[in-house]
Amino acid sequence: MQFLLRPRSTALSFVGRFSDVKKCRIKRRSQGCTAPGTRIRHRWIKTVGEPAICPTARQFCSSAEKQDVDMSKFPVDRIRNFSIIAHIDHGKSTLADRLLEMTGAIAKTGRNKQVLDKLQVERERGITVKAQTASLFYQHRGQTYLLNLIDTPGHVDFSYEVSRSLSACQGVLLIVDANQGIQAQTVANFYLAFEAQLTIIPVINKIDLKNADPDRVEKQIEKIFDIPKEECVRISAKFGTNVDQVLQEVVKRIPPPTAKVEEPFKALLFDSTFDHYRGVVANIALFGGHVTKGDRIVSAHLGKMYEVNELGVLRPDEQPTERLYAGQVGYVIAGMKDVKDAQIGDTLYLHKHPVEPLPGFSPAKSMVFAGMYPTDQSEYTALRRAVEKLALNDSSVTVQRDNSLALGAGWRLGFLGLLHMEVFIQRLEQEYNATVIITAPTVPYKAVLASPKLIKEFREEVVTIINPAQFPEKSQVVEYQEPMVMGTIIAPDEFTGKIMSLCLSRRAIQKNMVYIDDHRVMMKYLFPLNEVVVDFYDQLKSMSSGYASFDYEDAGYQLAELIKIEFLLNGKPVEELTTVVHKDRAYSTGKAMCERLKESIPRQMFEIAVQAAIGSKVIARETIKAYRKNVLAKCYGGDITRKMKLLKKQAEGKKRMRLIGNVEVPKDAFMNVLKRK
Ligand SMILES: Nc1nc2c(ncn2[C@@H]2O[C@H](COP(=O)(O)OP(=O)(O)OP(=O)(O)O)[C@@H](O)[C@H]2O)c(=O)[nH]1
C-alpha cells in the first residue's frame, strides 16, 4: 500500500511506505497532488488503486541525487537564468521534464510527464497555466553551473506570465514544433524576448515525428526572426534526443546575470503564490547582494517592512537554504498576509540599505469581465471565501462586489481572456467544490461623458464600463470607445480567402500579410476585442481544419458606435441581460437573445412579451403564449352573460399578473440565455 504524504517540516510530498514515513504529518491536501481515487483517512492521504500521480512525489524520490553546493562561494558567471517559451503544445513542459531528469533534479522514471504542471486543471487540460521555476545544477567541462529555468504557459491569455518571467532571465529557449512550424504565439513570444533584449536560442522540437520538417522550420526562423539556421538546435524532447546539446548551448550562449554579491541586496519579485499556512510565497530574482533568514526587508512599492522567515531555492520543490545570493532565483516567505503585499514587479531591499527600485512592469490588464453569482444564495459566504482564496493565488483576476435583482449578491470579475475565465471557474469547482452562474462576458468599453451630473457621479470624464447595465445613454456622452487588439493569424495559404472573409465579418482591418514560407501566410488584423473574445478562434480553427493559429495583443481604444440593448419581460427590464454591441449587430443580437429567452421560459397562465429594446424603441419581440385555462368548461349551454362574466374575470386576472410583472423565470433560463454559446 502506498501513501501520499505531506511532511510538516517541508513543502514536499512523496509516495512511500507507511513505515518509512510514520513521523510525517499531513499538512494539507496540496494542490494537484491527489490522483483520482484518492481519499482522506484520518490525517493521512491514502491512495486507493493507482498510486498518486503527484509530480512532487517523484521529485522527492530523487533527493539522493541532489548535489550540495556552497552557494556563498558560487561564482555568478556560472549562473544562467532562462525561460522556455513557445506556442501552445510545442513541447515546453516536456523539454523541462528532460532537463530536470538530465540534471538529476527528478528521477528518470520514464513516467515523468509535464512535471512542472502541478495544478489539477493543468494536468487535465494538458496546458500550462502558471509559470514554474526550477533550479538545476549542471556539470559542463568539469564545472558546476546553476541553471534557473522558468517553464511558461503558451496560451495568449497567459502571456502576462511569460513577460514577467522574462524579467528574471537573460535568455530564452524558443521552442518550435518541427511539424507545425512557426505559429502565432511563437511570433508573439519571440517579440517579448526580443524587446527584453534577451539571448534567443531557437529549438526545433519533435524531430521524431513522421511529418517533421526541420529544414522548413529553420528557413521560417531565418526569414521571420532573422536568426541564422546554424543557431537552431534540433531535438526530440519526448525521447531526449539532443537535449544535452540544449544545456550546452544555454551555458555557452546565454550570458550570466550582471548581479554582484558585494552590492546591497536588491531583488525583483516576479511571481507569488499564497499558502494558507505560511502566507505569501514570493519568487524573487536577486539583482545584487544577498539575503539571509531573519533579515528585515522592505518592498519598495508599498514601503512595508517584513522579516524573512524562510527562503530557499526551487528544485523544483521548495528547498530551504540559509541565504540567497546575487544572480540566484529563489523564494522568500516573509509574513506577507496577502498577495497584494507582494506586488508583482516590486523591488525588495534590506531595511537599512535602500536601493534604486528596478523598473518593474505594469500590472496585468483585464480584457474580459463577467458577473459571477452562487447558484443558490445560501452558498454566498462559502463562495466568497473560495473566490478570495483563489484570487490570492491568481493576482491577475480582478474582483468587485456586485448585486443583481435576479441572481442576488455576487461579483464582477475581470480576466485576461476567456480561457483564463474558464480555468478560474474550473478551479473554483474542482478545488473549492463551488457551483456558480457566470454571466455573458463583456469587454471594457469607455465613454467620454458629456453630462456634468454623470461626471460628478463617476468623478471622471472618461469612464471604463465593465458592467453593461451601467452603460450611459447616448445623450449623456460625447463618444464611446471600444478596446482594440492587433491579431496575428498564421495559416496555410489555401485558407487565406476564407480567413479574410471571416475577419471582415468581424469588423477587422487588415494591416499586413507576408509569406513565412512557400505555403504559409502570416496576416495582421486590427480587431475590436469584442469580436474575437468569444468564438472567433473556434471558427478560425474549424474553417482551417485546425491549421490556423491566432494571437493578439492590446492595441488601445478606438471610437465606436455602440448601443446598449435592454431586455424586457412584460415591460420590466432584466438588468443582467443588458448587452452592449456595435450598432451593426444590434438587431441580430436582440433577435437571437429574445429567441433564446423564449425557449428558456416556460409557458405561464398569462402571455409574456419578451422584448429587446434600444432606449424606448423595441427592436425584437417574441411572445410566450399563455396556457388558456378553460373557465367555461363547467358551463354547459346556459346564459351568455354568465360566460362573458367568467371570461372577463379571467382576463382581469391575467392583466393583474402582467401588471405586477409576475413572470416566473426559472434560474436555469437565465443561465441558458446568459451563458456563452
Ligand atoms: N512526438 C513528440 N511529441 C512531443 C515532443 N515533445 C512534446 N511532445 C508532445 O506534445 C504535447 C504537448 O507537450 P507539452 O510539453 O505539454 O507542450 P507545452 O508547450 O508545454 O504546452 P502548453 O504548456 O500548454 O503551452 C504532449 O502530448 C507531448 O507529449 C516530442 O519531441 N516528440
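First listed ligand is number 1; within each ligand, the first listed atom is number 1. The figures here come from the full heavy-atom set of this structure, side chains too, leaving out hydrogens, waters and symmetry mates.
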Lys219, NZ: over 12 other non-hydrogen atoms inside 6.0 angstrom: no
Within the structure, does Lys92 bring an N/O atom to less than 3.5 angstrom of an N/O atom in ligand 1? yes
Is the Phe415 to Phe424 ring centre distance short of 6.0 Å? yes
At under 4.0 Å between heavy atoms, which part of Asp151 makes contact with ligand 1: side chain, backbone, both or neither? neither
Phe225 and Tyr191 aromatic ring geometry - parallel, tilted or perpendicular at 30°/60° bounds: perpendicular
Heavy atoms only, cut-off 4.0 Å: how does Thr94 contact ligand 1, side chain, backbone, both, or neither? both
Of the backbone atoms (N, CA, C, O) and the side-chain heavy atoms from C-beta on, which set of Lys238 has a member under 4.0 Å from an atom of ligand 1: side chain, backbone, both, or neither? both
Tyr525 ring center within less than 6.0 Å of Phe536 ring center: no
For ligand 1, which atoms have a heavy atom of Asp208 less than 4.0 angstrom away? 1 (N), 2 (C), 30 (C), 31 (O), 32 (N)
Please could you name the atoms of ligand 1 that Leu209 approaches to less than 4.0 Å, counting only its heavy atoms? 1 (N)
Provide the number and element of each atom of ligand 1 under 4.0 Å from a heavy atom of Gly91. 7 (C), 13 (O), 14 (P), 15 (O), 17 (O), 18 (P), 19 (O)
How does Asp89 reach ligand 1, if at all, at less than 4.0 Å between non-hydrogen atoms: by side chain, backbone, both, or neither? both
Any N or O of Ala237 closer than 3.5 Å to N or O of ligand 1: yes
Arg216 (side chain) donor-acceptor with Asn179 (main chain) under 3.5 angstrom: yes
Judged by atom type as modelled, is there a donor-acceptor pair below 3.5 Å linking the side chain of Asp151 to the main-chain atoms of Ala96? no
Indicate yes or no for a side-chain donor-acceptor contact from Asp517 to the backbone of Arg520 under 3.5 Å, with no hydrogens or angles considered. yes
